[in-house]
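I have placed the structure first, in the form of structure tokens, so that the comments after it can refer back to it.
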Amino acid sequence: MLIKSPKPSALKENQVTDEGIYQSRRTLLKSLGFIGASGLLAQTSTANAGLFDLFKKNPVKAFTVSPLKYQQAPLEISVTAQILTPEAKVTSHNNFYEFGAQKSQPAQLAQQFKVKPWQLTISGHCNNPLTLDYDDLFSSFELEERIYRLRCVEAWSMVIPWLGFSLTKLLQKAQPNSRAKYVVFETLYDPEQMPGQKNRRLGGGISYPYVEGLRIDEAMNPLTLMSVGLYGKTLPPQNGAPIRLVVPWKYGFKSIKSIVAIKFVEQQPANTWNTLIPNEYGFYANVNPTVDHPRWSQASERRITSGGLLARNRIKTQMFNGYGEEVAELYKGMDLSKYY
Ligand code: MTE
């Protein structure tokens with residue numbers, strides 16, 4: 001589904017202002033009428049030059065990202081983009097434990113990651129199991145831009161312009177049957193390429209491959225996105241190339257990266273963080289300011305902006321990360337402190 005009219009939840013992005021670049025890109029776009037994705041990109045990268053200077057410590061990039069053609073987010077939504085997290089921060093402050101447990105490690109250690117060839121298989125309780133190769137990921141569905149808040153369980157957040165398609169479009173292709181109650185996702189397991197899978201300490205003690213799961217109705221919610229890009233280009237490896245999940249009303253650990261397998265199952269699956277520390281991380285992981293993490297409050301979050309660590313950017317966390325209008329119904333009658 002293309003989200004044409006902005007929901008109220010998508011418009012509450014005025015707490016902080018920081019990234020004018022994307023906004024001016026849109027103003028330019030509006031004044032010129034449509035310009036193609038490549039023209040757009042040229043504008044963006046020129047404008048971003050200053051930002052990149054701020055991040056000179058970034059490693060030399062071996063991985064190349066390519067421009068993508070996509071349906072842009074409606075202008076009304078992109079007005080909110082004035083607070084987008086700068087691209088340089090989105091791609092340098094990451095959680096991707098397969099490439100190290102520290103925020104800066106994925107951008108440094110993932111640059112040689114090979115995304116071609118790639119295979120994503122969809123199997124389990126469905127009538128039409130299928131496999132997509134690398135090119136299929138970009139050509140099977142029209143790509144659209146979705147500007148979503150990403151709220152990490154560690155109480156930081158970003159606003160990111162993703163490119164992708166609704167997961168439901170992909171799942172429908174596979175024709176799940178009545179036994180499909182949950183959907184499981186699995187990240188590539190390749191210790192030769194992913195040093196954190198080889199070295200337990202680097203990989204945060206996780207048993208790989210990283211797995212995640214959603215209830216089938218959560219997976220079929222139109223907000224649930226399969227992302228193949230951000231900021232107009234293919235995903236860099238540290239953000240989950242070539243394809244990842246984005247579930248904007250849940251803590252970021254549900255948004256599993258570099259997916260190779262999706263399976264329809266009958267029972268609630270184990271998920272990586274719940275298996276590792278069950279009393280701290282649940283299966284549902286809905287953003288919820290009223291249910292604290294055992295070791296810290298979830299009532300507020302640090303919005304990552306172009307300011308430094310000392311920037312005054314602590315904001316209140318919203319129930320379901322502000323997407324309640326679209327998803328609260330899914331949890332009617334459930335005790336969300338029990339099903340955290
Ligand atoms: N997926 C895999 N395979 N491995 C990971 O370590 N980290 C998760 C999620 N997906 C993770 C993952 C967490 S904790 C977060 S907050 C988000 O990715 C971060 O996404 P980003 O680095 O693109 O901001």
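Numbers here simply count residues along the sequence, with the first being 1. Only a predicted model underlies this, so the values are computations on that prediction, with no experimental measurement involved. Read the numbers this way: they start at 1 and go in the same order the structure lists the ligands and their atoms.
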(message) Applying salt bridge (charged side-chain N to carboxylate O under 4.0 Å, His left out), can you list everything that pairs with Lys198, at least two apart in sequence or on another chain?
(response)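 Here the qualifying residues are Glu192.
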(message) Checking Lys181 now: which residues fulfil salt bridge (charged side-chain N to carboxylate O under 4.0 Å, His left out) with it, not counting sequence neighbours?
(response) none
(request) Kindly state whether the ring of Phe99 and the ring of Phe113 have centres lying under 6.0 angstrom apart. (result) yes
(message) For Tyr97 and Tyr210, I'd like to know if the aromatic rings sit close, meaning centre-to-centre distance below 6.0 Å.
(response) no
(message) Parallel, tilted or perpendicular, judged at 30° and 60°: which one describes the rings of Tyr284 and Tyr339?
(response) perpendicular
(request) Would you please write out the protein residues whose heavy atoms approach any atom of ligand 1 to under 4.0 angstrom, listed by chain and number? (result)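 Within 4.0 Å of ligand 1, protein side: Asn94, Asn95, Phe96, Tyr97, Glu98, Leu150, Cys152, Thr187, Tyr210, Asn239, Arg244, Gly252, Phe253, Ser255, Ile256, Lys257.
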(request) List in chain and number order the residues that pass ring pair (Phe, Tyr, Trp, His ring centres under 6.0 Å) with Tyr134, two or more places apart in sequence or in another chain; answer none if no residue qualifies. (result) Phe138
